[in-house]
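Accompanying notes for the structure given below.
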Amino acid sequence: MLRDPALIPLSQQHHNGLALCVLTERELRADRSEAAIRRLAARAIDRYEIELTNHFAIEEQVLFPLMERELGASPILGELIADHRALEAMVDEMRTVPSAELLERFCDLLRRHIRREEHELFQDAQQRLQPGLLAAAGKEIDAQAVRVCL
């Protein structure tokens, strides 16, 4: 199913998150020196601060409440919020004790989280939310979304 225009800004941010994971893992395979790990952790922290905090806020303040209000409580929403908190905790840890293992865990969770949102949550939103409600949410999403060039 094609992505509804209302969700495209979030999908674009997902693309950036997946690109971060691919680049980080590729660079870790080539160089696991302390300097490389510090550089990769700094890049992950930078992307978190620039884009992921914005992304999490939009989902938690716009999309998730809309879905819960219109479609009812769903375990996936709580699980995705828990992922957000876990990713935030990993970033906090990267600030003080970066490691290759932490970067790999961060990328693994971020990738699984993104795929779950794209394949399950967004599909559900597109199929079950009334088009007018999704379009209205899309305007809010579009207005709040940070756009970053990689």
Side-chain angles (χ1 to χ4, degrees), residues 1-28 37-99 102-150:
M1 174 181 278
L2 291 176
R3 187 60 60 232
D4 188 282
L7 300 172
I8 287 176
L10 294 175
S11 286
Q12 289 169 336
Q13 289 179 331
H14 283 163
H15 172 81
N16 291 345
L18 292 172
L20 171 67
C21 293
V22 167
L23 294 172
T24 299
E25 291 167 337
R26 182 180 300 154
E27 291 181 44
L28 278 174
I37 290 167
R38 280 195 311 270
R39 180 177 42 77
L40 294 170
R43 182 171 62 193
I45 292 165
D46 183 56
R47 289 294 167 190
Y48 168 79
E49 291 173 347
I50 292 171
E51 195 169 33
L52 288 176
T53 56
N54 171 255
H55 183 87
F56 295 168
I58 291 169
E59 288 178 340
E60 292 179 25
Q61 296 167 12
V62 179
L63 184 60
F64 294 0
L66 171 66
M67 292 186 73
E68 188 166 24
R69 185 176 64 249
E70 296 299 319
L71 305 177
S74 172
I76 191 173
L77 298 177
E79 293 163 4
L80 293 171
I81 290 170
D83 286 351
H84 291 175
R85 299 297 87 77
L87 290 161
E88 290 168 357
M90 288 180 194
V91 168
D92 286 343
E93 189 177 345
M94 273 185 235
R95 294 178 200 280
T96 56
V97 286
S99 69
L102 179 58
L103 285 162
E104 289 167 340
R105 284 189 296 121
F106 176 82
C107 289
D108 180 60
L109 178 56
L110 183 59
R111 180 182 293 107
R112 284 185 289 114
H113 176 83
I114 288 169
R115 295 205 189 290
R116 190 162 187 213
E117 285 186 348
E118 287 288 333
H119 296 258
E120 295 177 41
L121 185 77
F122 288 8
Q123 292 298 97
D124 194 37
Q126 289 181 184
Q127 292 171 351
R128 297 180 57 214
L129 286 173
Q130 293 179 2
L133 291 173
L134 187 56
K139 289 180 182 176
E140 186 65 27
I141 290 167
D142 188 59
Q144 291 184 29
V146 169
R147 279 139 176 109
V148 176
C149 292
L150 294 180

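Considering Q123, R112, E59 in turn, E59 is the only one that fulfils the side-chain contact (heavy atoms from CB on, under 4.5 Å) rule with E117. When H113, H55, H119 are each tested for a ring pair (Phe, Tyr, Trp, His ring centres under 6.0 Å) with H14, only one passes: H55.
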- Going through the distances and angles, do L134 and L7 end up as a side-chain contact (heavy atoms from CB on, under 4.5 Å)? CA-CA 8 Å; L134 187 56; L7 300 172; 4.3 Å; yes
- Message: Test side-chain contact (heavy atoms from CB on, under 4.5 Å) on L28 and L103; report intermediate values, then the result.
- Response: CA-CA 9 Å; L28 278 174; L103 285 162; 3.9 Å; yes
- Message: Could you walk me through whether T24 and F106 satisfy the side-chain contact (heavy atoms from CB on, under 4.5 Å) test, starting with their C-alpha distance in whole Å, then the side-chain angles of each, then the deciding distance to 0.1 Å, before giving a yes or no?
- Response: CA-CA 10 Å; T24 299; F106 176 82; over 6 Å; no
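Taking CG of D83 as the start and CZ of R116 as the end, the distance is 7.5 Å to the nearest 0.5 Å. A distance of 10.5 Å separates CD of E25 from CG of L40, quoted to the nearest 0.5 Å. In this structure, the separation between OG on S74 and CD on E120 is 9.0 Å, given to the nearest 0.5 Å. L80 contributes atom CG, which lies 10.0 Å from atom CZ of F56 (distance to the nearest 0.5 angstrom). The CD atom of E51 lies 10.5 Å from the CG atom of D46; values are rounded to the nearest 0.5 Å.
Between E88 and R85, at least one side-chain nitrogen of the basic residue sits less than 4.0 Å from a carboxylate oxygen of the acidic one, meeting the salt-bridge criterion. Of the charged side-chain nitrogens involved, at least one lies within less than 4.0 Å of a carboxylate oxygen, so that R95 and D92 count as a salt-bridged pair.
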With a 3.5 Å cut-off and sequence neighbours excluded, list the donor-acceptor pairs that the side chains of residues 62-70 form with protein atoms.
none

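Without hydrogens or angle criteria, S99 side chain to L102 main chain gives a donor-acceptor distance under 3.5 Å. Using a distance-only test at 3.5 Å, with no hydrogens or angles considered, a donor-acceptor pair links the side chain of Q126 to the main chain of D4.
Contact of the V97 side chain with the E93 side chain is registered, since non-hydrogen atoms from C-beta on lie closer than 4.5 Å. A 4.5 Å side-chain heavy-atom check between D124 and I76 finds every atom pair outside the cut-off. Within the 4.5 Å cutoff, side-chain heavy atoms of R115 are placed close to those of L18. Between L23 and R43 the shortest side-chain heavy-atom distance falls below 4.5 Å. You'll find the side chain of R3 stays beyond 4.5 Å of the side chain of L10, heavy atoms only.
Taking each heavy atom of N54 and I50 in turn, the nearest pair found is CB-O, 4.3 Å. Here the closest non-hydrogen pair linking R111 and V22 is NH2-N, 4.3 Å. What you find for P5 and P9 is that their closest heavy atoms are O-CD, 3.7 Å. In terms of heavy atoms, A6 sits closest to I141 at O-CD1, 3.7 Å. Scanning all heavy atoms of the two residues, the minimum distance from L109 to A86 falls at CD2-CB, 3.7 Å.
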